[in-house]
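One structure is given below, encoded as structure tokens.
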2 protein chains.
Amino acid sequence: MKRNSRLSLALHTLGHMAGDPQRMRTSADIAEHAGTNPVVVRRVLGKLREAGLLTSEKGHSGGWCLAREPEQITLADVYLALDESLVATGGEEETPACSVEHVLQRKVASVLEEIERSLIERLAVTTIAEVREHG
Amino acid sequence: MKRNSRLSLALHTLGHMAGDPQRMRTSADIAEHAGTNPVVVRRVLGKLREAGLLTSEKGHSGGWCLAREPEQITLADVYLALDESLVATGGEEETPACSVEHVLQRKVASVLEEIERSLIERLAVTTIAEVREHG
DNA sequence: ATTGATGCAACAGTGAATGTTACATTCATT
DNA sequence: AATGAATGTAACATTCACTGTTGCATCAAT
């Protein structure tokens, strides 16, 4: 897989699920379609389940299914469920003794926070149901 | 050092240079202050020189100096000089056969491009001269 | 009971970024 | 001219997060 694979995998999978919401899919099926490993799929989809976007069933004839209607799941929901920022925060670096560094961190951090909010707003406009039609 | 260290190192160094623009600094001095290696400093500052933000002089009593006045260098200039996107683009992935994946990539990519532009606009508002006063 | 699925822990493999070493080059100083 | 101090750059080592993999416990339908 490639970079930012978690978000790609999640969106890709939900996009397909949106086309046939009743069907239950196994992590093996999903992994094969996505060209990755079933355990990786479970890791990523597990996050989405924690966020209430998916349900999973154990045991024979188990698998994964949407927890809501496709029109009720936005790209922002998925993004937030994975709690990974596309906007690199620079990490929670320890407060530096150097005043220049300190001022910089505050300035840059405030810009990035605004950008992050803006990103989420834009992602919230699109649902996974819209991913199937009009490219 | 940490993540996104190139941008941090660049901004930090320029911030200090803005406080005494005439003074010439060696990569060894800068590295010591930043807690890193002189070669790393040269790598990063070299990018800034290519972008016309800094000048460097070889030989005895050489070193690094601002190429413009501090008020003429914005955070966006530095960001662009390093041509690294804080907004992860997801890379130039090969066009997928799967239509869902294709639609997703286009949608997400267009959002990220907007966000990237917005980020640069906001960074362009602050100059490295402003980093020294009013935290 | 058996089969086929998730859940999870532990470890291996990968790749990008940083750190390091070494050396050629350049230029002021002596 | 010789020296010393700096950049420029290539090559290699190290680090670190992420992905991939294996193994096994657990759970539920058959």
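Any value given below was found using the heavy atoms of this structure, including those in side chains, with hydrogens, waters and symmetry copies removed. Every chain is numbered from 1, with letters handed out A, B, ... down the list of sequences.
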Checklist outcome for this item: d(B:L54 CG, B:R25 CZ) to nearest 0.5 Å is 10.5 Å
Checklist entry - In whole angstroms, how far is the P atom of C:dA17 from the CG atom of B:D83? => result 11 Å
Item to check | Rounded distance (nearest 0.5 Å) linking atom CD of A:E57 with atom OG1 of A:T26 | outcome: 13.5 Å
Checklist outcome for this item: Among the nucleotides C:dG7, C:dT18, D:dT7, whichever has the atom closest to the side chain of A:W64 is C:dG7
Next on the checklist: For the backbone of A:K107 and the side chain of A:S110, can you confirm whether one donor and one acceptor N or O come within less than 3.5 Å of each other?
Outcome noted: yes
Checklist outcome for this item: Taking D:dA6, C:dT18, D:dA10 as options, the one with an atom nearest any side-chain atom of B:V40 is C:dT18
Next on the checklist: Can you tell me which residue among A:D77, A:V44, A:L11, A:L9 is in a side chain to side chain contact (heavy atoms under 4.5 Å, CB included) with A:L82?
Outcome noted: A:V44
Item to check | Distance test, side-chain N/O of A:R49 to OP1/OP2 of C:dT6, below 4.0 Å | outcome: no
Next on the checklist: Please report the distance, rounded to the nearest Å, between CG in A:L82 and C1' in D:dC18.
Outcome noted: 14 Å
Item to check | B:T36 side-chain N/O to C:dG19 phosphate OP1/OP2 under 4.0 Å | outcome: yes
Item to check | Side-chain donor or acceptor of B:E130 paired with backbone N/O of B:T127 under 3.5 Å | outcome: yes
Checklist entry - Crowded around A:E71 CD? As in, over 12 foreign heavy atoms under 6.0 Å? => result yes
Checklist outcome for this item: Atom CZ of B:R25 and atom C1' of D:dT7 are separated, to the nearest Å, by 17 Å
Checklist entry - Of the candidate nucleotides C:dT6, C:dT21, C:dT18, which contains the atom at the shortest distance from the side chain of B:N37? => result C:dT21
Next on the checklist: Given the structure, check if the side chain of A:R43 and the base of D:dG20 hold any donor-acceptor pair shorter than 3.5 Å.
Outcome noted: yes
Checklist entry - What's the shortest heavy-atom distance between A:P70 and A:P21, and which atoms? => result CG-CG, 3.9 Å
Item to check | Protein-nucleotide distance (A:R23, atom CZ; C:dA5, atom P), rounded to Å | outcome: 13 Å
Checklist entry - Counting heavy atoms not belonging to A:E84, are there more than 12 under 6.0 Å from its CD? => result yes
Checklist outcome for this item: With sugar-phosphate taken as primed atoms, P, OP1 and OP2 and all else as base, the protein-contact string of nucleotides 25-30 of chain D at under 4.0 Å (heavy atoms; B, S, -) is --BBB-
Item to check | Separation of atom CG in A:L9 from atom P in D:dG20, rounded to whole Å | outcome: 9 Å
Checklist entry - Mapping B:S56 and A:V39 to their closest nucleotides on DNA chain D, which lands nearer the 5' end? => result B:S56
Item to check | Angle of first-five versus last-five pair axes in the helix from C:dA1-D:dT30 to C:dT30-D:dA1, to 10 degrees | outcome: 0°
Checklist entry - Hey, which of these two, B:E84 or B:R42, hits DNA chain C nearer its 5' end, going by closest nucleotide? => result B:E84
Checklist entry - Rounded to the Å, how far apart are A:K47 NZ and C:dG7 P? => result 14 Å
Checklist outcome for this item: Taken to the nearest whole Å, CG/B:L48 to P/D:dG8 is 12 Å
Next on the checklist: Taking A:E114's backbone N and O only, do any of them form a donor-acceptor pair with A:S118's side chain (distance below 3.5 Å, no angle check)?
Outcome noted: no
Next on the checklist: Treating B:Y79 as the side-chain partner and B:A124 as the backbone partner, does any N or O pair qualify as donor plus acceptor under 3.5 Å?
Outcome noted: no
Checklist entry - Between atom CD in B:E32 and atom P in D:dA6, what is the gap in whole Å? => result 12 Å
